[in-house]
There are 2 protein chains.
Amino acid sequence: MMDVARRAGVSSSTVSLYLRKPDAVSPAASQEIAQAIEDLGYVPNLVAGGLAAAGSRVVSVIVPSIRNAFFAETVASLQTELAADGLQVMLGHSEYSEHDEEALIRTALAWAPAAVVLTGLNHSKAARKLLAGGGVPVIEMWELGGQAPIDMAVGFSHAAVGATAARHFAQQGFTSLAFLGARLSQDRRAAARAEGFVAEALRLGLPEPQILNHPAPATAEAGAQLLGLAQASPSEFQAVACSNDLIALGVLFECQRRGVAVPGDLAVMGFGDLSFSSTSNPPLTTIRPSGDLIGREVARLIKACVHGAHPSETARIVDTGHLLVERKSG
Amino acid sequence: MMDVARRAGVSSSTVSLYLRKPDAVSPAASQEIAQAIEDLGYVPNLVAGGLAAAGSRVVSVIVPSIRNAFFAETVASLQTELAADGLQVMLGHSEYSEHDEEALIRTALAWAPAAVVLTGLNHSKAARKLLAGGGVPVIEMWELGGQAPIDMAVGFSHAAVGATAARHFAQQGFTSLAFLGARLSQDRRAAARAEGFVAEALRLGLPEPQILNHPAPATAEAGAQLLGLAQASPSEFQAVACSNDLIALGVLFECQRRGVAVPGDLAVMGFGDLSFSSTSNPPLTTIRPSGDLIGREVARLIKACVHGAHPSETARIVDTGHLLVERKSG
DNA sequence: CTGAAAGCGCTAACAT
DNA sequence: ATGTTAGCGCTTTCAG
């Protein structure tokens, strides 16, 4: 930066000013500086900038799994939005472990980030303390309800999603229901959908739906196996809600193999509205959570914080809701 | 850090030393320092550390799309490996735009990263200059062949993948082939697979395969439409290679709707070996590129660089190859 | 509108 | 094994 200043015949503070508020520098000086930057191929050092300004332009994002299409979508839209404001995304994934998450949060904080974005409302006690103490804005995403957020939250109620699924089946007159999920003990949001499903069915006076849980990650393979289990059970089900479209896809595949007609013999519902869901056989009825909307809303909140305008109490929780997408599978 | 030092009754440099090389500090002092850190809830400032040490513990990773399962897998394994060494991943996605990529590289460099990881071998001229100039290790991944890497590379030849597909079909006696791809003008690696497919077919004396290209991103929907196009064409095909398992899935769906038997009437091959490919109807024959292996190898190279051991010339390019996974679709 | 000066919190010789 | 001393490259008052 000194080199640039020298070459442009100004002081380094003028260059610094030019870089942040170009309008505050005279046109003549701007010319010279721009030229010098160009000639020297100067790239500002954001590390030094972050130190001097006591706060870097980094946003730490911690998700359970980046392989998961839901979070990938959110991270993508978040990154796009933040990049437009010169904010960088630092990514970590906890593999659904609270312990790993805590370690990630610790490192994240060490970067004096502009904000930290977490997935879900459940974190270790130590993590909550770390976050509550530091003056860093924290946004929890992809979950609402249950407990109060640390600071801000963007998401929706998973119990409500489960309830929507139950109501949809009840309206069609189904009475024998099941919920098919994977890793329900680790994925608390999926578990909340299952609970919401069961609770709503009960409230509507239906027999208690069964929850079938697969120990492996949510894949089509797991879905296929889950369907096998469901069919093997003494009381066959009329309708199954899956915790994820990938599981629903596996169910569809396995139904085809076994010759069970969907939705004739069995109604199937997914969650996520993934890219293949509209074109499967039959097209999948599912619930869309809008991962990219979540990303955009999180970005909006972060930008507000960065610009000094701390959102009011009322604006600190945004519910992105969910949408039932009725197609042919149930 | 000064506070910790004071509380522990030592100097700040001892604390710093303790944090980086705990063995170099006396047990007594270590005790005191650990206690002080605990009491104060001290979190070191990595920004300051990065500035002082002239090189931060950040690795910048730039992929075309984080929504893409291939890159998501690589980023996931890379992040896991790097986190074990205290390295942070900064993520950017270019949406297949060389221009956006250049901007991302510029920002990445501004963080004085320990390494930058790029996808593919094609970058803008300015980007290449930026990278070649700075003393930062750069690793290009997911592609080999065509042109020389800037610095290091981990990946495989996409032309070879296409050739493998062509050979596989040729061995089964098919003569009328097609390649189904999406956004081939943007996704140069997919285009390379298509070219490799055509070239190998020609080399084997088969009629020139047709390339069908869909303008939208690679999804099952696009695959279904592509199959429609393929069937509509005057010469029906005996076998189609898809640039991606998602496209192949769409093809499978559409075949089912149209009553074309797979592989009886049409052989279908994918690329990627995604999670649903083993359980579709029929299970998909595909080519597996090993996204997580790429991530691990990239991490290995980066760690070597960080530890000062710059890999020798011979070890700067690692070919992760590809694997034909023969299932039932063709 | 521009420049001088004082750090931001830490690391890395070097000296002890 | 520990303390001392200089910065790292930039931002930010505060004068001019």
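By convention in this document, chain letters (A, B, ...) are assigned in the order of the sequence lines, proteins followed by strands, and residues within each chain are numbered from 1. These numbers were taken from a predicted model, which means no experiment stands behind them.
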The side chain of T14(B) lies closest to which of these nucleotides: dT2(D), dT2(C), dG3(C)?
dT2(D)

Listed nucleotide nearest any side-chain atom of P44(A), set dC10(D), dT11(C), dT2(C)
dC10(D)

Rounded interatomic separation in angstrom, taking [atom1] from [X] and [atom2] from [N]:
X      : N       : atom1 : atom2 : result
Q31(A) : dC1(C)  : CD    : P     : 15 Å
R6(A)  : dA4(C)  : CZ    : P     : 13 Å
D3(A)  : dC8(D)  : CG    : P     : 12 Å
E32(A) : dT2(C)  : CD    : C1'   : 15 Å
N45(A) : dC8(D)  : CG    : P     : 12 Å
I33(B) : dC10(C) : CD1   : P     : 13 Å
I37(A) : dG9(D)  : CD1   : P     : 17 Å
L19(A) : dC10(D) : CG    : P     : 9 Å

With sugar-phosphate meaning primed atoms plus P, OP1 and OP2, does [X] contact a base, only sugar-phosphate, or nothing at under 4.0 Å between heavy atoms?
X      : result
L17(A) : base
Y42(A) : sugar-phosphate
A54(A) : nothing
V47(B) : nothing
S26(A) : sugar-phosphate
R20(B) : sugar-phosphate

Does R67(A) come within less than 4.0 Å of E95(A), counting only side-chain N to carboxylate O?
yes

Check ion pair D292(A)-R296(A) (N to O, under 4.0 angstrom):
yes

Distance test, side-chain N/O of S11(B) to OP1/OP2 of dG3(D), below 4.0 Å:
yes

Below 4.0 Å: OP1/OP2 of dG3(C) and any side-chain N or O of S13(A):
no

Do Q79(A) and L91(B) make a side-chain contact, defined as non-hydrogen atoms from C-beta onward lying under 4.5 Å apart?
no

Student check: side-chain heavy atoms of E101(B) and L118(B) closer than 4.5 Å:
yes

Which residue lies more 5' along DNA chain D, comparing A28(B) with L51(B) via nearest heavy atoms
A28(B)

Rounded to the nearest 0.5 Å, what separation is found between the CG atom of L78(B) and the CD atom of E81(B)?
8.5 Å

